[in-house]
Amino acid sequence: MAIKLKKAKISKSSCLEASYIDEDGNKVSIEGKNPVHLDLKVRLKQLVPFLADLTEQKEASKIDWYNLDSPENDELLRHLDVSGVSIGGSSESPVATLIGKRTLLTSKVLNICVPATGMNIEDEDYTRCDEFRDAVYAFMYEAELYITERKWSVQQGEFNFDNEEDPFGNEGVEPEDVSIEEPEFAEAV
């Protein structure tokens, strides 16, 4: 099933909400009921440095771009989160918008929307355009797997009870006679 994601975000209940165009050209919106897989959360977290950089947050100048997964970057960016991505523009010149937030020292939340940023290096002046595009598409790929492959956090397995080699089917099998020895007790002196 080929789909073209337009928007994807993680809801407050850690489920995916998305809008996409299916293979027949239909516009489809979904509100998932299953929690997202850890891979999707990781891909979303990888967009946080770009949120800081593109919105000129105070942390942007201190980001270690050569080691984005470092504990120092995690600590530096701990007050910032990205909750969703929207893709627009044309196929030749796609643009992405990040939706995020900053948790203030007062525990209040400041919503942040990154201006539409081009993902084609020929059309965009952003110096980290290639890395930004790759991070956006990696997130969208995981979101697509949530929709098409049901890649969720918890997936209930199925048992096939019609299988002739049923591990629980011990009908007609008698347990072996096993002698049971009783422990010896020493007499108290």
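In what follows, every heavy atom counts, from backbone to side chain, and hydrogens, waters and symmetry copies are set aside. Position 1 is the first residue of the sequence, and the numbers go up from there. As the structure is a prediction and not an experimental result, all values here were calculated from the model.
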Undergrad: Measuring from L54:CG to L98:CG, what's the distance to the nearest 0.5 Å?
TA: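 It comes to 7.0 Å.
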
Undergrad: Under 4.0 Å between a Lys/Arg side-chain N and an Asp/Glu carboxylate O for R102 and E59?
TA: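 Yes, R102 and E59 are salt-bridged.
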
Undergrad: Say you draw a straight line from SG of C129 to CG of D134; how long is it, rounded to the nearest 0.5 Å?
TA: 9.5 Å

Undergrad: I'd like to know if the side chain of N26 and the backbone of V28 have a donor-acceptor N/O pair within less than 3.5 Å.
TA: no

Undergrad: Counting C-beta onward and ignoring hydrogens, is there a side-chain heavy-atom pair between D130 and I121 closer than 4.5 Å?
TA: yes

Undergrad: State, without any angle test, whether D53 and Y126 hold a side-chain donor-acceptor pair at a distance under 3.5 Å.
TA: yes

Undergrad: Any heavy-atom pair between the side chains of V85 and K9 that's under 4.5 Å?
TA: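 K9 vs V85: side chains apart.
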
Undergrad: Please say which of K151, R43, H37 ends up in a side chain to side chain donor-acceptor pair (under 3.5 Å) with E142.
TA: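 Result for side chain to side chain donor-acceptor pair (under 3.5 Å) with E142: K151.
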
Undergrad: Measure the spacing between CD of Q46 and CD of E131 and express it to the nearest 0.5 Å.
TA: 12.5 Å

Undergrad: Is it true that I30 and V36 fall in one hydrophobic cluster, defined by side-chain heavy atoms closer than 4.5 Å?
TA: yes

Undergrad: Any side-chain heavy atom of N73 sitting closer than 4.5 Å to one from N67?
TA: no

Undergrad: When F139 is tested against each of D39, L47, V42 for side-chain contact (heavy atoms from CB on, under 4.5 Å), which residue passes?
TA: L47

Undergrad: Quick one: CZ on F132 to CE on M119, what's the gap to the nearest 0.5 Å?
TA: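 CE of M119 is found 6.5 Å from CZ of F132.
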
Undergrad: Looking at Q57 and A52, would you say the former's side chain and the latter's main chain have a donor-acceptor pair under 3.5 Å?
TA: no

Undergrad: How far does CD of E56 sit from OG of S61, to the nearest 0.5 angstrom?
TA: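 Rounded to the nearest 0.5 Å, the CD-OG separation comes out at 11.0 Å.
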
Undergrad: Would you say the side chain of S83 lies within less than 4.5 Å of the side chain of I10, judging by non-hydrogen atoms?
TA: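 Side-chain contact under 4.5 Å: no.
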
Undergrad: Hey, does the side chain of T103 reach the backbone of K101 with a donor-acceptor pair shorter than 3.5 angstrom?
TA: no

Undergrad: Taking the side chain as every heavy atom from C-beta outward, state whether Y146 and N34 have any pair of such atoms under 4.5 Å apart.
TA: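 Answer yes - side chains close enough.
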
Undergrad: May I have all residue pairs that pass salt bridge (charged side-chain N to carboxylate O under 4.0 Å, His left out) and include part of residues 64-88, sequence neighbours excluded?
TA: K45-D74, E75-R78

Undergrad: For A143 and L16, work out which heavy atoms get closest and say how close.
TA: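 For A143 and L16, the tightest heavy-atom pair comes out as O-CD2, 3.7 Å.
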
Undergrad: Ignoring hydrogens and geometry, is there a side-chain-to-backbone donor-acceptor pair from S11 to C15 under 3.5 Å?
TA: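 Yes; judged by distance alone, with no hydrogens or angles, the pair exists.
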
Undergrad: Kindly indicate whether the side chain of S14, heavy atoms from C-beta on, has any atom under 4.5 Å from the side chain of K41.
TA: yes

Undergrad: How long is the straight-line distance from CG of L44 back to CG of L51, given to the nearest 0.5 Å?
TA: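 The CG atom of L51 sits 10.0 Å away from the CG atom of L44.
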
Undergrad: Is there a side-chain contact between V109 and N111, using heavy atoms and a 4.5 Å cut-off?
TA: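 Counting from C-beta outward, V109 and N111 do come under 4.5 Å.
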
Undergrad: If every non-hydrogen atom of L77 is compared with every non-hydrogen atom of P49, which pair is closest and at what distance?
TA: CD1-CG, 3.8 Å

Undergrad: Could you check if a side-chain atom of I147 sits within less than 4.5 angstrom of a side-chain atom of I3, using non-hydrogen atoms only?
TA: yes

Undergrad: Can you see which heavy atom on A116 is nearest to which on T97, and at what distance?
TA: CA-OG1, 3.6 Å

Undergrad: Angle class for the F50/W65 ring planes (parallel below 30°, perpendicular above 60°, tilted otherwise)?
TA: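 F50 and W65: tilted rings.
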
Undergrad: Are Y20 and L145 linked, directly or through intermediate hydrophobic residues, by side-chain heavy-atom contacts shorter than 4.5 Å (ILVMFWY only)?
TA: no

Undergrad: Step through the shown structure and confirm whether more than 12 heavy atoms of other residues, nucleotides or ligands are within 6.0 Å of CG on D125.
TA: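 Count not over threshold, so no.
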
Undergrad: Shared ILVMFWY cluster between I99 and M140, side chains joined below 4.5 angstrom?
TA: no

